2 protein chains.
Amino acid sequence: MVTGQRGRPRSFDRDAALDKAMTAFWERGYEATSISDLTASIGIGAPSLYAAFGDKRKLFDEVVVVYGSRYGEFAGVALAEEPTARAAVERILREAAEIYTDPAHPPGCMVISAAINTTSEEVAQALRERRNANLELFERRIRADVATGALPADTDARALARYTGAVLQGMSQQSRDGATREELEAVAERALLAWP
Amino acid sequence: MVTGQRGRPRSFDRDAALDKAMTAFWERGYEATSISDLTASIGIGAPSLYAAFGDKRKLFDEVVVVYGSRYGEFAGVALAEEPTARAAVERILREAAEIYTDPAHPPGCMVISAAINTTSEEVAQALRERRNANLELFERRIRADVATGALPADTDARALARYTGAVLQGMSQQSRDGATREELEAVAERALLAWP
DNA sequence: CGAAATCGATAGCGGTCGCTACAGAAAGGG
DNA sequence: CCCTTTCTGTAGCGACCGCTATCGATTTCG
């Protein structure tokens, strides 16, 4: 009895189900995605979903973690890998144009859009914190470049970070309004002209 | 019987009710605002609301018209009044920072945020068209300036218009995430550096 | 082989959604 | 005055929401 689980084994792939759920939440947002939407697109009954994931909220939390590790880390990676904040943001904006319009998944950034207009303040707060954490990541990297002289000494790090975040959020919105990758790349190029 | 209406007069101010409804939709979006939310914040019963406005969708349509004439025209006005597209966008971004954070009403732009994550594709489409119409307004004004030489001949009008729209959408989002007027003004200032 | 454990499907819980039937209240017309 | 017209309040419709009790099916352990 030391070994694995007893009883009837689960008849579906939990990770694949998480993936389907992510697509649904990404497409329609947290609140507009109903349990029947989820069970239908995963292909299981409601009790199986609750047994595997707890409830809608916990499922969404898991989805956010998976999303973060798969699509949300490109900014942090670029900030860590590129030699300057400028180079990192250049890469981030270009990659965002690509990722936000990748036909392999819904358009835009799930963290930006999924909790807009939700009545669950907890869910909204959770994603808002993720966005603000990203802003702080930008700000710290910029501040570091100011310290080394890679950026002008009078640079307003907080404002520059917020500007970059606003452009990213705008690009996410534009992709959901139908902008193509090329159009978003042009936006990115233009946005970079405002960088020192 | 030629003269005015017969029967019991309406016991509430229709325009004031529209205003309350606008605030509610602006704050929570189209779908997350329920009929009970609306009747509660207006202070009337459901049948009165339906008698006065038809249904939720028609009420929202009226709200969008009122919103457009009161808060949505500042961009068009600036584009028409200012001598150049550059000056107009400068004014638009600064005014957006002010309007999006005005404590007299909910933050951000209702046309940008109210129909995100809604299951009603019609409502989403209606606001999307308003946003795209604004983009075209920008593009036309930019094209005119390119024709007169006020902007460089090689300016990509469409890309510049989309960049400006993305910044505005990003600013709207940031205001809903808690950004202050001063912070948005700094974003606007920075964004203008990308303009030719 | 049972026995114990876990899963899945049916069916349905209480609650809220957008919306409305109905009856009484409040106005003008004769 | 009574009659017609229009509005308001109560009360509730069918549909869907998130979620779960129940029970037969399917698996491992002894």
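Lettering follows sequence order; numbering is per chain, from 1. The structure presented is a predicted model; accordingly, all values stated were derived computationally and were not measured.
Sorted by first then second residue, the salt bridge (charged side-chain N to carboxylate O under 4.0 Å, His left out) pairs that include residues 157-171 of chain B, not counting sequence neighbours, are A/Glu183-B/Arg158, A/Glu183-B/Arg162, B/Glu139-B/Arg158.
Regarding A/Phe60, its CZ atom lies at a distance of 14 Å from the P atom of D/dG18, rounded to whole Å. Distance NZ (A/Lys56) to P (D/dG18): 4 Å, rounded to an integer number of Å. In this structure, A/Arg10 atom CZ and C/dA5 atom C1' are separated by 14 Å, rounded to whole Å. Put simply, CZ on B/Phe12 is 13 Å from C1' on D/dG9, counting in whole angstrom units. Computed from coordinates, the B/Asp13 CG to D/dC7 P distance equals 15 Å when rounded to whole Å. One atom, CZ of A/Arg14, and another, P of C/dC7, lie 11 Å apart when rounded to the nearest Å. Summarising the geometry, the separation between CG on A/Asp55 and C1' on D/dC17 is reported as 14 Å, rounded to the nearest angstrom. As a whole-Å value, the separation of B/Lys58 NZ from C/dG18 C1' is 13 Å.
Side chains of A/Thr119 and A/Glu31: a donor-acceptor N/O pair is present below 3.5 angstrom, by distance only. B/Arg176 and B/Gln173 form no side-chain donor-acceptor contact under 3.5 Å, judged by distance and modelled atom types alone. Between B/Trp26 and B/Ser113, the side chains place no donor N or O within less than 3.5 Å of an acceptor N or O (distance only, hydrogens not considered).
Looking at which nucleotide of DNA chain C each of B/Pro9 and B/Arg57 is closest to, the 5′-most match is held by B/Arg57.
For B/Arg8, whose side chain is taken as the heavy atoms from C-beta onward, the closest listed nucleotide among C/dG29, C/dG24, D/dC29 is C/dG24.
Looking at A/Asp13 and A/Lys20, no side-chain N of the basic residue comes within less than 4.0 Å of a carboxylate O on the acidic one, giving no salt bridge. Comment: B/Glu185 engages B/Arg181 in a salt bridge, judged by a side-chain N to carboxylate O separation of less than 4.0 angstrom.
Within residues 25-49 of chain B, the residues approaching DNA chain C are B/Thr33, B/Ser34, B/Ile35, B/Ser36, B/Ala46, B/Pro47, by heavy-atom distance under 4.0 Å.
Regarding contacts with the backbone of D/dC19, a side-chain N or O of A/Tyr50 is found under 4.0 angstrom from either OP1 or OP2.
Put simply, the side chain of A/Met22 reaches to within 4.5 Å of the side chain of A/Val66, judged on heavy atoms.
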